[in-house]
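In the text below, chain A, chain B and the rest are named by the order of the sequence lines, each starting its count at 1.
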Amino acid sequence: MDLRDAELLTDEAHAQLRLVEASARHAEVVGVYLADMEPGANGPEPTHFREAFRRTGPSNYAHGKQAEL
Amino acid sequence: MYAYNDFDAAFVAERNRQFRAQVERRIDGSLTEDEFKPLRLMNGLYLQLHAYMLRVAIPYGTLNSAQMRQLAYIADRWDKGYGHFTTRQNIQYNWPQLRDVPDMLDALAEVEMHAIQTSGNTIRNVTADHFAGAAADEIADPRPVAELLRQWSTDHPEFQFLPRKFKIAVTGSPNDRAVTAAHDVAIRITEREGEIGYAVLVGGGLGRTPMIGKVINEFVPQEDLLPYVEAIVSVWNLLGRRDNKYKARIKITVHEHGIDEIRRLVEARFAETKPAFNGADLDLFETIKAHFTAPSFTNRPVSAYTRAYDNDPVFRAWADTNLSDHQAEGYAIAQISLKAHGETPGDATADQMRVMADIAQEFGHDELRISHEQNVILPHVHKDDLPVIHARLKSHGLATANIGLVSDIIACPGMDYCALATARSIPIAQEIATRFDELKIEHEIGDLKIKISGCINACGHHHVGHIGILGLDRAGVENYQITLGGDHTETAALGDRTGPGFSAEDIVPAIERIVDAYLDHRDSAEETFLQAYRRLGMAPFKTALYGEKADKRSEAA
Ligand code: HEM
Ligand code: SF4
């Protein structure tokens with residue numbers, strides 16, 4: 001589960017299709033949605049701080065994904 | 001305090017058994033998230049940004065030491081070793097695994113606790129003054145009333161699918177420490193010619209349309225309370241705007257129909273509910289009251305206290321800010337601040353919970369309280385034990401002397417945890433507290449309440465903060481709006497917006513400028529921030545924030 005390996009979708013229709021597919025995997029994931037990303041040196045980067053935080057974890061403790069890296 | 005009877009224990013056990021089966025079906029894939037969501041919400045299980053979150057009710061904020069120890073055990077065993085106490089007298093666990101939640105609920109049931117109706121469109125955890133049963137200014141203990149309301153509202157068949165959430169708060173003292181005016185229903189115990197009754201307010205609430213509750217009845221006699229509250233909820237249950245969740249709270253219903261019309265409808269409904277109550281509620285109330293008799297206080301000298309107070313400046317500073325007057329001679333109410341400078345407001349580690357539990361058991365008649373201000377209270381401690389208590393608290397990072405001061409900040413979880421957030425709150429609180437600690441002026445500033453929310457839902461009560469901070473998302477950047485002059489007490493008021501908001505980097509200096517302006521303009525050290533604001537108005541603070549051209553600039557904004 002590394003964002004470096006993530007695929008950046010650029011076609012809206014394709015993205016919608018992938019969203020439908022992901023939503024169907026309800027035993028693995030919850031609350032699936034499309035997030036805006038842009039390409040970066042280490043793979044796609046979130047453009048909004050909300051997803052940036054979700055990618056790392058809370059700022060008050062080193063918990064969440066930042067603890068697993 | 002209240003102890004479960006067989007019915008209560010069986011009810012909670014059955015709910016937990018049902019939920020365990022629901023979780024199993026979710027994990028094996030037979031329930032989708034959409035199907036599971038209403039079931040988990042009935043049991044206080046939310047989904048946040050990084051994980052599930054379990055919200056556990058602490059009815060009227062009262063805990064005994066065994067319960068506090070169990071909260072610590074749960075934090076260690078199934079979470080990350082801490083818990084977050086909230087403005088509605090709940091504790092939230094931020095990192096539970098779904099498969100563990102049924103075990104957590106069973107562990108809670110062992111100490112007569114649960115997470116039922118901590119979520120969803122139901123009557124939520126009934127909150128009360130955290131000084132209940134101890135405060136010197138109290139007319140009567142609000143907790144029996146809160147417990148009666150809890151038993152009546154829990155699983156009440158008519159009120160499981162209300163238009164929206166419904167929050168009730170009770171105070172037994174004219175000094176309102178329970179923010180009752182910001183609740184859907186406020187119950188204020190009053191006395192009229194020697195008879196106890198209740199002033200009832202309706203339609204208060206914060207969130208996107210903040211409103212101060214309005215008096216619907218100056219005096220509801222004791223024997224009419226449940227039928228009267230039932231009449232209020234049932235009138236709103238029919239009138240409430242189910243078409244629009246932003247207009248569904250009773251504050252909007254009261255606003256749209258007017259308090260006089262609501263009062264008339266409630267009276268009419270009361271004429272029907274009253275005869276349906278056959279007096280069983282009054283018998284129950286008497287039974288409940290017997291659970292809340294005061295501890296047996298002892299009368300002994302306070303010489304150790306006086307010695308420490310006179311000789312130890314650290315103890316004295318703590319005693320001056322963290323103690324309040326108790327009903328019994330020689331006793332005090334001691335507040336344990338969960339706002340150590342730079343730490344997360346309202347968080348306690350499992351070790352700290354155990355320390356507080358031990359102190360309550362040894363010195364505090366086995367009682368603890370959680371305040372809406374996210375602190376913990378020892379409601380009944382003898383003053384002579386305070387030096388020992390203070391020393392023990394100090395060795396566990398629990399002796400911060402800042403109750404009611406600028407660093408005693410209420411902050412909601414904000415974007416660090418909450419899925420609804422538009423900005424972070426916790427780091428802002430941490431930075432403000434750290435900054436004023438460096439400046440060493442918080443005791444000089446005196447009584448000043450800062451309250452921070454990470455979105456317009458206002459879980460951090462920012463509207464009623466002397467200084468309120470609201471975190472917003474302005475074009476993909478965190479932006480913080482300031483309000484001044486809010487008041488959460490019996491003289492409740494909503495704060496006024498200063499003008500354009502500030503970035504995350506600029507918000508702490510902006511708060512500092514406001515505080516400096518107050519120190520410059522106050523007429524004496526006795527004039528509090530709120531008093532100064534009321535006398536001076538917005539102008540000097542606006543100038544401090546935006547410069548001399550303040551008025552022009554904020555008009556353009
Ligand atoms: C995942 C976490 C949370 C979620 C999803 C959440 C959601 C909400 C929402 C949607 C509202 C607005 C309701 C309305 O006006 O109709 C609200 C209000 C409120 N919440 Fe929360 N909240 C969360 C955490 C908290 C926490 C941690 C606290 C205490 C620190 C809290 C205390 C309150 C209070 C006091 C209000 C305002 C009272 C009122 O609505 O009148 N909530 N919350
Ligand atoms: S105020 Fe907003 S950000 Fe803060 S806890 Fe409530 S819903 Fe979440």
Please classify the contact between [X] and chain A as side chain, backbone, both or neither, with a heavy-atom cut-off of under 4.5 Å.
{"X": "B:Thr422", "result": "backbone"}
{"X": "B:Leu49", "result": "both"}
{"X": "B:Tyr82", "result": "side chain"}
{"X": "B:Glu343", "result": "neither"}

Next on the checklist: Does atom NZ (B:Lys37) have a neighbourhood of more than 12 heavy atoms from anything else shown, all under 6.0 Å?
Outcome noted: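 No, because the 6.0 Å sphere around NZ of B:Lys37 holds 12 heavy atoms or fewer from other groups.
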
Item to check | B:Asp506 CG: over 12 foreign heavy atoms closer than 6.0 Å | outcome: yes

Return the [atom1] to [atom2] distance between [X] and [Y], rounded to the nearest 0.5 Å.
{"X": "B:His50", "Y": "A:Thr56", "atom1": "NE2", "atom2": "OG1", "answer": "7.0 Å"}
{"X": "A:Phe53", "Y": "B:Asp416", "atom1": "CZ", "atom2": "CG", "answer": "6.5 Å"}
{"X": "B:Glu33", "Y": "A:His26", "atom1": "CD", "atom2": "NE2", "answer": "10.5 Å"}

Next on the checklist: If you define the side chain from C-beta out and look only at heavy atoms, does anything of A:Val30 sit under 4.5 Å from B:Arg26?
Outcome noted: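 Yes, side chains in contact.
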
Checklist entry - Would a 4.5 Å heavy-atom cut-off, applied to side chains only, mark B:Met415 and A:Arg54 as touching? => result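 A side-chain contact is absent here, since even the closest heavy-atom pair is not under 4.5 Å.
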
Item to check | Exercise: identify the closest heavy-atom pair between A:Asn60 and B:Tyr417 | outcome: OD1-OH, 2.8 Å

Item to check | A:Arg50 side chain vs B:Ala419 backbone, donor-acceptor pair below 3.5 Å | outcome: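 Confirmed, A:Arg50 side chain pairs with B:Ala419 backbone.
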
Checklist entry - Side chains of A:His48 and B:Asp473: donor-acceptor distance under 3.5 Å anywhere? => result yes

Next on the checklist: Within the 3.5 Å criterion, strictly below it, is a donor on B:Asn94 or A:Tyr61 matched to an acceptor on the partner's side chain?
Outcome noted: no

